Amino acid sequence: MCNVAGITGPGAMPITALPPATTNAPITGGGSFPSLETAIAALTTAVQGLAQSLSGAGIVTGGGALGAIPTAAAAAAPTQLAPAQSMSAQSTQAQASSRSKRRLGARAAQDGPGVVRSVVDKATLEQDPRLRGKLEPPSGGAPPKGVKVRTRADGTRAVTINIHGAAPAGKGITPGNESIQGLRDIAAYVNSIDPDVVMVQEINDRQSKVGDPGLSPVTSVMAHLIGATDMAYTPGAGGSGSRRGTAIFTRNGFTIEQAHNVDIPDRGDPARRSAGVAVVQPPDGRPAFSVISTHMSHMANMAASQRRHDQLAELDRIAGAIRTGGEFSYRSPGGGQSRAAGFPQDHILLGGDLNTTQGGRNGKLDSADAQLASSGLRHANDLYGRGNVRPRIDHIYAYGFGATSSALQGVAANELQSGSPTDHPGYVTDLSF
């Protein structure tokens with residue numbers, strides 16, 4: 001943090017002081033001054049330092065702001081979050097921070113339609129009195145039992161978790177039931193696990209209105225609470241207020257190079273499902289990888305199983321197209337046809353709330369293992385191969401990775417006075433290149 005003429009901002013760089021003179025020029029009356037060339041070079045360095053400081057603070061420079069202002073919230077200027085401070089990333093923190101600063105404001109150019117990347121700044125969010133003083137990332141402490149402490153040797157850590165619309169378990173997913181205490185408990189869980197990639201389901205980016213009882217947008221609240229580096233929110237056809245929206249967050253300096261919002265077959269599902277497909281870049285020189293994050297149709301009946309069968313088939317098609325050619329065609333939730341290219345072929349990660357078991361339901365109609373096999377995706381629990389944590393409906397599949405851990409753990413209440421912060425556990429795995 002620096003303070004330049006009253007301007008502060010995360011990741012801002014201090015203005016470089018003028019260097020001492022290296023060439024003396026005699027002046028009548030005595031004394032020495034730097035040469036003209038030296039003075040110009042020093043002034044240039046100072047101006048560059050000021051520009052970097054203003055950029056780090058999210059100030060408009062060069063005729064434009066860094067990042068896109070969220071739709072329906074033009075007054076809520078977005079801010080890009082600094083990389084999370086974590087034990088596993090300390091050795092690469094400076095490099096990750098530098099990389100993030102270089103790319104601010106430019107990384108969304110390749111995104112497909114319907115993807116929300118901007119994060120509302122804390123000052124704007126805290127205009128809601130319920131959020132004042134509540135947006136600093138809660139300390140997670142030690143990870144929950146069954147999840148080992150991160151080490152760099154473990155690889156890339158990913159978690160998928162359904163946050164139940166920011167409402168505690170047992171309450172309806174409505175704006176009036178959203179709980180900042182529950183969200184902070186979910187964030188403490190995430191921070192204790194210290195993942196690089198966080199796939200979240202049942203999250204919204206709905207903008208608040210006068211008298212709105214909800215905490216909005218939940219995507220931005222969550223991004224601040226987990227110290228996210230990047231975010232890609234992908235709502236279904238219901239729009240940014242859909243309770244069935246999904247998001248990919250990255251931490252520890254991992255960045256999202258491009259993201260696409262892919263419509264998946266609904267067959268009349270009122271929730272209108274979609275999948276986020278993104279390119280994620282590690283900060284430490286390891287190769288980029290492709291991420292597919294989704295939330296498939298629920299219910300245990302035959303009609304829902306048929307929907308999931310069709311949805312898995314579409315996800316398998318996309319993963320297969322990425323593996324063979326690094327590109328895929330898709331339909332966006334708005335109905336338009338699009339094409340995405342430049343996706344890493346050698347490493348693919350798919351996760352989310354699939355609402356089915358590995359073996360499937362209703363005569364194995366929606367078997368995730370069987371339907372994702374043709375693209376080469378295997379469950380992380382099987383890649384790990386030691387012990388069976390019996391994942392239920394929350395899963396992570398991978399191609400081109402090995403796995404060094406597999407864990408399914410629930411979220412404990414802490415700040416939430418009663419009940420559970422969400423009705424889903426998180427599924428966590430470490431994936432090695």
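Please read these numbers as outputs of a predicted model, since none were measured by experiment. Side-chain atoms are counted along with the backbone in the values below, which use heavy atoms only and exclude waters and symmetry mates.
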**Report entry** Donor-acceptor pair between Ser374 and Asp316 side chains, under 3.5 angstrom
**Finding:** yes
Report summary line: Residues at least two apart in sequence or cross-chain that pass ring-ring contact (aromatic ring centres under 6.0 Å, His included) with Phe249, listed by chain then number, are none
Requested in this report: Would you tell me whether Ser274 and Thr234 have side-chain atoms, one donor and one acceptor, within less than 3.5 Å of each other?
Outcome: no
**Report entry** Close side-chain approach of Arg361 to Arg308, heavy-atom, < 4.5 Å
**Finding:** yes
Report summary line: Residue set satisfying side-chain hydrogen bond (donor to acceptor under 3.5 Å, both in side chains) with Ser406, at least two apart, ordered chain then number -> Asn381, Tyr427
**Report entry** Charged N-O contact under 4.0 Å between Arg150 and Asp196
**Finding:** yes
Query raised in the report: Salt bridge or not for Arg273 and Asp263, using N-O below 4.0 Å?
Result: no
Query - Distance-only polar pair, side chains of Gln358 and Asp369, donor-acceptor under 3.5 Å - result: yes
Report task. Please confirm whether the backbone N or O of Thr404 pairs with a side-chain atom of Asp430, one donor and one acceptor, at under 3.5 Å? Result -> no
Query raised in the report: Under 3.5 Å, is there a donor-acceptor pair between the side chain of Tyr189 and the main chain of Pro425?
Result: no
Query raised in the report: Would a line drawn from the ring center of Tyr399 to the ring center of Phe401 be shorter than 6.0 Å?
Result: no
Requested in this report: May I have all residue pairs that pass salt bridge (charged side-chain N to carboxylate O under 4.0 Å, His left out) and include part of residues 375-389, sequence neighbours excluded?
Outcome: none
**Report entry** 4.5 Å side-chain heavy-atom contact, Thr422 and Ile186
**Finding:** yes
Query raised in the report: Under 4.0 Å between a Lys/Arg side-chain N and an Asp/Glu carboxylate O for Asp346 and Arg323?
Result: no
Report task. Before accepting this row, confirm whether a basic side-chain N of the pair Asp266/Arg307 lies closer than 4.0 Å to the acidic partner's carboxylate O. Result -> no
Requested in this report: Could you tell me whether Arg184 and Glu136 make a salt bridge, using a distance below 4.0 angstrom between a side-chain N and a carboxylate O?
Outcome: no
Query raised in the report: Quick check, are the ring centers of His424 and His164 under 6.0 angstrom apart?
Result: no
Report task. Output the distance between atom CE (Met199) and atom OG1 (Thr160), rounded to the nearest 0.5 Å. Result -> 5.0 Å
Requested in this report: Assess whether side-chain hydrogen bond (donor to acceptor under 3.5 Å, both in side chains) is satisfied between Asn414 and Asp185, documenting all intermediate values.
Outcome: CA-CA 6 Å; Asn414 182 23; Asp185 286 345; 4.5 Å; no
Query raised in the report: Any salt bridge between Arg157 and Asp194, counting N to O under 4.0 Å?
Result: no
Requested in this report: Report yes or no: does His347 contribute a side-chain atom to a donor-acceptor pair with the main-chain N or O of Pro344 at less than 3.5 Å?
Outcome: no
Query raised in the report: If only atom types and distance count, is the side chain of Gln311 paired as donor or acceptor with the main-chain N or O of Ser297 below 3.5 Å?
Result: yes
**Report entry** Spatial distance of atom OH (Tyr384) from atom OG (Ser432) [nearest 0.5 Å]
**Finding:** 11.5 Å
Query raised in the report: So, do Leu416 and Ser179 sit near enough that their side-chain heavy atoms are less than 4.5 Å apart?
Result: yes
Requested in this report: Might you work through the side-chain hydrogen bond (donor to acceptor under 3.5 Å, both in side chains) test for Gln258 and His260, ending with a clear yes or no?
Outcome: CA-CA 7 Å; Gln258 61 169 304; His260 298 263; 2.8 Å; yes
Query raised in the report: Side chains of Thr124 and Glu126: do they bring a donor and an acceptor to under 3.5 Å?
Result: no
